[in-house]
Amino acid sequence: MSDGIFGVENAWLDAAIRIQLIVGLMTVVVMGLIYLERKILARFQQRLGPTRTGPAGLLQSVADALKLVGKEDLRPRNADPWTFELAPYLVFVPVFLGFVVVPFVAGWEVRVVELGLIYFVSVSSLSIIGWIMAGWGSDNRYAMIGGMRAAAQAISYELPLVLALISVAMVADSYNLEEIVQGQAATPNIVWQPLVVVVFLIAGLAELNRTPFDIPVGESEVVGGPFVEYSGIRWSFFFLAEYAALFIMSLIFAAVFLGGWAWPLGEEWGRGWQLVLVSVKAGTFMFFVFWVRASVPRLRIDQLMSFSWKILLPLMLVQVLINGAVLVYGGSLWILTIAGLVGVGVLAKLVGDAVSQPRPKVVAASAEGEVAS
Amino acid sequence: MTTDGTTPAGDESEASVAELVDTFENTIWPSIDRVLAGVDVRPERGVLDLIVHVPRADVVRALRMLKQGDELQFNYLRSLTAVDNEADGVDVVYHLYSIPKNINVTVKVTLPADDKVLETATTVWQAANWLERETAEMFGIRFTGHPDPRTLLMPEDMTDVFPLLKSHPFAEIELLQGELLGHERGAGGDE
Amino acid sequence: MVTETAPEFETQDLLINVGPQHPSTHGVFRMVLEVDGEVVKELVPHIGYLHRGAEKLCENNDFRQGVGYMDRTEYLAAHNAELSYVMAVEALAELEVPARAQWIRMILCELNRLSSHFMFFGAFGVDVGVFGTPFVYAWRERETLIDLFEEISGDRMMYAYFRAGGLAWEVPANFKERVHEVLKSSRQGVKDFDGLLTENEIFIARTKNVGIISAEDAIEIGMSGSSLRASGVNLDIRKTEPYLFYDQVEFDVPLGENGDVFDRYYVRLQEMEQSMRIIEQCLERLEDGPIMPEKMPRMLRLPEGQEVYIRTEAPRGEYGVYLVSKGGNKPWRLKVRSACLSNLQALRQMSVGQYVADAIIILGSIDIVLSEVDR
């Protein structure tokens, strides 16, 4: 166990300080992320995004936060009070609990947990309960539909996500996030597990309820999904949780697949450079999420579930088997790379075949207006 | 004055059936007359399309005969509406189109002003469903046998107001709008 | 695709009310869905929220004032709406419209078709779920078109520019250059939409085989326009009963195969290409000349006992005007045959048996504008 932060001896105090730092960091980071998303989405859509509040619109998130804090805290009369009011906390707290194991840079995680990856996955799935509570407790049909959809989607995509992380853990031979990062000093895990990276990206989008998997909050249909009856601070908890989850998912992605702080620079470069490196890597994941949001329509709930169960899950099971075979019987890890690339090709083909049709031809009508019955 | 210089429509009721056939021989009237054998129809030249007047009792039968069969195949109901002629009753007007043959016809039925009941045409074309609902609520016509006789555009509880009848008044502001420009209906005006 | 639940399960159907305030209903429209799980069992549309009595009002206004009402019944394609009306008045008054006015009318109507279809893409993209991107592209393209319309008629949306006999006033001197500019940017816009949506797998998965209506059903229920052509019926009034100078220009009529949502989208995309083709040919044939007939009476009085039903191919379908005149300077009866009303009748048939999310997309694909449905 590394030294206590600021040299503090007591483990509990040390943990408390670290957690407070994380909470403080989170608030700032989330506000920054909201601003970044709006700017990046705007650029994709050929418009500017926030420009007026503060220089280049930087204070937009602050303004939004102040507005939300000032709103009246409404509760529908027929909403179940305990369920309705507890739901935001149940969505929000598990995400923060996940931050306990996330490695920012060397030595800067709250706690190094031997089963870190398992802890992360199990804790973050507690949020689903919060979504269902919000949906049911709101006494609103749209909310209930949204909550059910969210639960179905979360459960469906939990499996490929977990299997993806397990595959990587197999290659890294540990569940301890710090060891996983350190083990990538030579090569990042993306090289050995390309298919797993793709599946993690897709399943991660689904777990974050982001386009194309944002049907629970499908704005044009169920207008906000389970959160439609929330306003003010309670709603901002959901919002905060969503962006905090995005942040944590991107950090996990950077740590597990891209080598965290260890590749390509290594420990000698000092914390400053490591922080920059990790930020860049996490940033690619976040940019990818925003990019997809600006470009792609939304999947329907049955399509999304069949995609997970029929395509992603079998692929991941096969990947785990291959991992096991190669690791147990000895063999170059490059076999895994090749198998992974083949897997990516198979995935692309399956997706393409499922939907592609030849481009329809234009039927020209003759100039005399002859009607073919 | 009609566009092709033939005798005005208003005088045709005096002409005999033989003269009527001659007047319309280069239109689709002969085909229609053939298809609607047994129905007492009277043609009238319209500006673009042929207008066929059908008696009230035979309307749906005639419409069905126009739709079926191979000669005319009026399979498309373009429009269904009514015209309030005050004392002369209410005309229900059907505009039909045949997609295979690319021909048009207008079918007119006159209902007396105090007995605005007509059989529904939904059994012939489904398109008549909403069109009849709108005509019924605007003119006070009752289409017997209509599967869904609710109001379409009017509020559900305003079933006793028929806005498009001439007896339904304009609001005062709308009358002012017409008067302020100094127009009088039918009077001779500036050139 | 839809599994039957075992008979022992006693499930209750959910009644969902979509609208009148809802981001997806394209106006003030309400539909009540009876839903079993995610499948729509029954759909009841309620319209009339935007009914302003345009037909009755036109009976009190003379033939010049009526143009303003026609604009407002179809504000996204106002030139096409005005066109039907002025053509009806001209038919009854036997006015001969000068060639230059006809060509300009054609150009403006086709430009309006472009802007209306861009609006369709924007709203449809939002329905399908792409957050905002197609919507903003649509507005970018519409801005160039609407700026041009503003230069010509002074108004961005309700132009009141067509008059019985021709046009209200001359177009600006740089009309041809401006239209060429606008065409260039619209061409790029159509390419952008095509690239964004047409071959996107998720878009195809959401729209193919959804909301199918067969050709026979579509004809039976009175659909028209792009929605009808997407089901494979070759009915375009510009070809079957040409008006203006449509018989003198070359263009194709795109037809769909399945009659599903994707076809309705793709037919509109192709129609935009054809519109641009028509506009270019019109620009070549446009020559100088008068825009109103020489002997134009100041107060138009129509003969007694005349009626006409004029139909034109508006972007949303067959927009017809049935005009009955009993003499004088005001219509005795003006009926607007609304394409959107007839197309909307088919919504129930297309949606029952589909998922709730699909019902929203189907509504978007019919491309209605409520002001035309309700008048």
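Just so we're on the same page: letters track the sequence lines, and every chain starts at 1.
Interface remark: L165(B) contributes backbone atoms only to the contact with chain C (heavy atom separation under 4.5 Å). Using a 4.5 Å cut-off between heavy atoms, D49(B) touches chain C through its side chain atoms alone. Contacts between S224(C) and chain B at a heavy-atom distance below 4.5 Å involve backbone atoms as well as side-chain atoms. In this structure, the portion of Y322(C) lying under 4.5 Å from any heavy atom of chain B is its side chain and not its backbone. No part of L323(C) comes within reach of chain B, as not one of its non-hydrogen atoms sits under 4.5 angstrom from that chain. With a 4.5 Å cut-off on non-hydrogen atoms, V93(B) touches chain C through its side chain but not through its backbone. For a residue to count as touching a neighbouring chain, one of its non-hydrogen atoms must lie under 4.5 Å from one of that chain's; by this rule V44(C) touches chain B with the side chain only. For E318(C), the part lying under 4.5 angstrom from a heavy atom of chain B is the side chain only. Proximity to chain C involves both the backbone and the side chain of R78(B), based on heavy atoms less than 4.5 angstrom apart. Looking at K56(C), both its backbone and its side chain come within 4.5 Å of chain B, counting heavy atoms on both sides. At a 4.5 Å heavy-atom cutoff, the contact between D84(B) and chain C is made by backbone atoms alone.
For the 3.5 Å distance criterion, the side chains of E132(B) and T120(B) qualify, holding a donor opposite an acceptor. Side-chain N/O atoms of T110(B) and D91(B) include a donor and acceptor closer than 3.5 Å.
The side-chain heavy atoms of M70(C) and L334(C), taken from C-beta on, include a pair separated by under 4.5 Å. By the 4.5 Å heavy-atom criterion applied to side chains, D374(C) and L341(C) are not counted as neighbours. Inter-residue side-chain proximity for F74(B) and V105(B) is flagged as met; some heavy-atom pair is nearer than 4.5 Å.
For the set P155(B), A128(B), A127(B), P163(B), the entry with the most heavy-atom pairs within less than 4.5 Å of chain C is A127(B). Contact count against chain C (heavy-atom pairs under 4.5 Å) is highest for E134(B) among E134(B), K67(B), M154(B).
A salt bridge is absent between E119(B) and R56(B); no separation between the charged side-chain nitrogens and carboxylate oxygens falls under 4.0 Å. Using a cutoff of 4.0 Å between basic side-chain nitrogens and carboxylate oxygens, R150(B) and E156(B) are not scored as salt-bridged.
Note that CG of L80(B) and OH of Y94(B) are 5.0 Å apart. Values are rounded to the nearest 0.5 Å.
The cationic atom of K116(B) (NZ for Lys, CZ for Arg) lies less than 6.0 Å from the six-membered ring centre of F162(B) and within 45° of the ring axis.
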